[in-house]
Student: 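A single structure is presented below for examination.
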2 protein chains.
Amino acid sequence: MAETQQDGESQLENQQIKDAGLKVTAPRVKILGILESCGKRHMSAEDVYKELLSQDEEIGLATVYRVLTQFEGAGLVCRRHFEGGQSVFELNSGEHHDHLVCLKCGRIVEFVDPTIEKRQAKIAAENHFKIEDHSLVVYGICSDCQAKG
Amino acid sequence: MAETQQDGESQLENQQIKDAGLKVTAPRVKILGILESCGKRHMSAEDVYKELLSQDEEIGLATVYRVLTQFEGAGLVCRRHFEGGQSVFELNSGEHHDHLVCLKCGRIVEFVDPTIEKRQAKIAAENHFKIEDHSLVVYGICSDCQAKG
DNA sequence: GTAAAACTGAAAATCTTTCGCATCTTGATC
DNA sequence: GATCAAGATGCGAAAGATTTTCAGTTTTAC
Ligand SMILES: [Mn+2]
Ligand SMILES: [Mn+2]
Ligand SMILES: [Zn+2]
Ligand SMILES: [Zn+2]
């Protein structure tokens, strides 16, 4: 049917979803599209849901959570647990990075520090842990917020 | 009255609570006592609550959360947000440290790495953030769990 | 096309944490 | 020690985030 037809941009998402081993469905295509082109790199499920609402999409919040969790399992997105309630999701850029978060405005800066990564590996090894993952978040006040008082 | 009498060990807790600017009440003394002598350095509110139940103490879960939050505000304990729902609390040893957590058995190893601390400060400074705090958790499999398969 | 398998939205259920409030304690004062 | 106001407690209810359930729908393989 005509409704099944997708606009050009969706072809990319369709393929990514297929490659991830998931079936191509409207909610998945839509949500991936939002993550890719919404401007905000770090979004909560609620953020995604609101964006869907603003686009008059009939997708429930439960579905948003379900799809984001599936995307996480498939390696398409990463889930982050910063301070303060909700998890935030971001497209998996392929390369690991850590975060600097402003406690006032929520601004996020991403960074990678090879020295820190190496030290972590060393610490894990010294304690006979097989390292699987890590989470480093530095909290502070960004320059804008410092200026504002 | 006789019920008010406290055993010797409690004197220490009483003083710590007073020093923190809090009134000395049975739940506070009991909870601080558990944190100090329960053996587990990192406990969830639920863990503390269960320990209280096992000691036939009539203290509600809401009170446990309230007291732990007060202790946190007073600097007596630190709250940690590891993966997996519940926050865990530990006595404030005075000196900051980070954690290595086993994903299989939950075992926790504490560590401090001056190199990492310095790099974090540098990264914050480079991005014009006034650093306030940070959270570093390394997840892995401990040697025991590796051996078990 | 068809049917099995996978997916969906809405509502209900969980899980952790916090609130509202009537009742009880603590600690300072007489 | 008795008094009393400020502060704490316990309980159940509520909140907020996320997951599960379930009956109807869609996708994909043949
Ligand atoms: Mn990021
Ligand atoms: Mn610790
Ligand atoms: Zn800011
Ligand atoms: Zn282990």
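Every chain is numbered from 1 and lettered A, B, ... according to where its sequence line falls, protein lines coming before strand lines.
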Student: Please examine the side chains of A/Met43 and A/Val88, heavy atoms only from C-beta on, and report whether any two atoms are closer than 4.5 Å.
Tutor: no

Student: Could you list all N or O pairs between the protein and nucleotides 27-30 of chain C that sit under 3.5 Å apart?
Tutor:
from	atom 1	to	atom 2	distance (Å)
C/dG27	OP1	B/Val24	N	2.9

Student: Between D/dA17 atom P and A/Glu83 atom CD, what is the distance in whole Å?
Tutor: 15 Å

Student: B/Leu52 CG to D/dC11 C1': how many Å, rounded?
Tutor: 16 Å

Student: Please determine whether salt bridge (charged side-chain N to carboxylate O under 4.0 Å, His left out) holds for the pair B/Lys130 and B/Glu132, giving the CA-CA distance in whole Å, both sets of side-chain angles, and the decisive distance to 0.1 Å.
Tutor: CA-CA 6 Å; B/Lys130 183 151 71 78; B/Glu132 297 267 303; 3.6 Å; yes

Student: Please list all pairs passing the salt bridge (Lys or Arg N to Asp or Glu O under 4.0 Å) test where one or both residues lie in residues 93-112 of chain B, with sequence neighbours left out.
Tutor: B/Arg41-B/Glu110

Student: Quick check: do B/Glu36 and B/Gln16 have side-chain heavy atoms less than 4.5 Å from each other?
Tutor: yes

Student: Could you pull out all donor-acceptor pairs under 3.5 Å where a side-chain atom in residues 67-80 of chain A meets a protein atom, sequence neighbours excluded?
Tutor:
from	atom 1	to	atom 2	distance (Å)
A/Thr69	OG1	A/Tyr65	O	2.8
A/Thr69	OG1	A/Arg79	NH2	3.0
A/Gln70	OE1	A/Arg28	NE	3.4
A/Gln70	OE1	A/Arg28	NH2	3.3
A/Glu72	OE1	A/Arg79	NE	3.0
A/Glu72	OE1	A/Arg79	NH2	3.1
A/Arg80	NE	A/Glu90	OE2	2.6
A/Arg80	NH2	A/Glu90	OE2	2.9

Student: Compare all side-chain heavy atoms of A/Cys102 with those of B/Phe129 and state whether any distance is below 4.5 angstrom.
Tutor: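 Sidechains of B/Phe129 and A/Cys102: in contact.
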
Student: Got a list of side-chain donor-acceptor pairs under 3.5 Å for residues 137-149 of chain B, not counting sequence neighbours?
Tutor:
from	atom 1	to	atom 2	distance (Å)
B/Tyr139	OH	B/Glu83	N	3.1
B/Gln146	NE2	A/His128	O	3.0
B/Gln146	NE2	B/Ile141	O	2.9

Student: Quickly work out the B/Arg28 CZ to C/dT25 P distance and round it to whole Å.
Tutor: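 For the pair B/Arg28 CZ and C/dT25 P, the rounded distance is 15 Å.
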
Student: In whole angstroms, how far is the P atom of C/dT26 from the NZ atom of B/Lys30?
Tutor: 15 Å

Student: Given atom CZ of A/Phe82 and atom C1' of D/dA17, what is their separation to the nearest angstrom?
Tutor: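 The answer, rounded to whole Å, is 17 Å.
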
Student: What is the separation between atom CD1 on B/Ile59 and atom C1' on C/dC24, rounded to the nearest whole Å?
Tutor: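 Rounded to the whole Å, the gap is 14 Å.
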
Student: Show every ring pair (Phe, Tyr, Trp, His ring centres under 6.0 Å) that has at least one partner inside residues 90-124 of chain A, sequence neighbours left out.
Tutor: A/His42-A/His99, A/Phe82-A/His99, A/His96-A/His134, A/His97-A/His99

Student: Expressed as a whole number of angstroms, how long is the span from B/Glu58:CD to D/dG12:P?
Tutor: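 B/Glu58 atom CD is separated from D/dG12 atom P by 12 Å.
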
Student: Round to the nearest Å and state the distance from B/Phe71 atom CZ to D/dA8 atom P.
Tutor: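 These atoms are roughly 11 Å apart.
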
Student: Polar atom pairs between nucleotides 15-19 of chain C and protein, under 3.5 Å, N or O only, would you list them?
Tutor:
from	atom 1	to	atom 2	distance (Å)
C/dT17	OP1	B/Ser87	N	3.0
C/dT17	OP1	B/Ser87	OG	3.2
C/dT17	OP2	B/Tyr65	OH	2.0
C/dT17	O5'	B/Tyr65	OH	3.3

Student: Is any side-chain heavy atom of A/Ile116 closer than 4.5 Å to one of B/Ile123?
Tutor: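 B/Ile123 reaches A/Ile116 side chain to side chain.
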
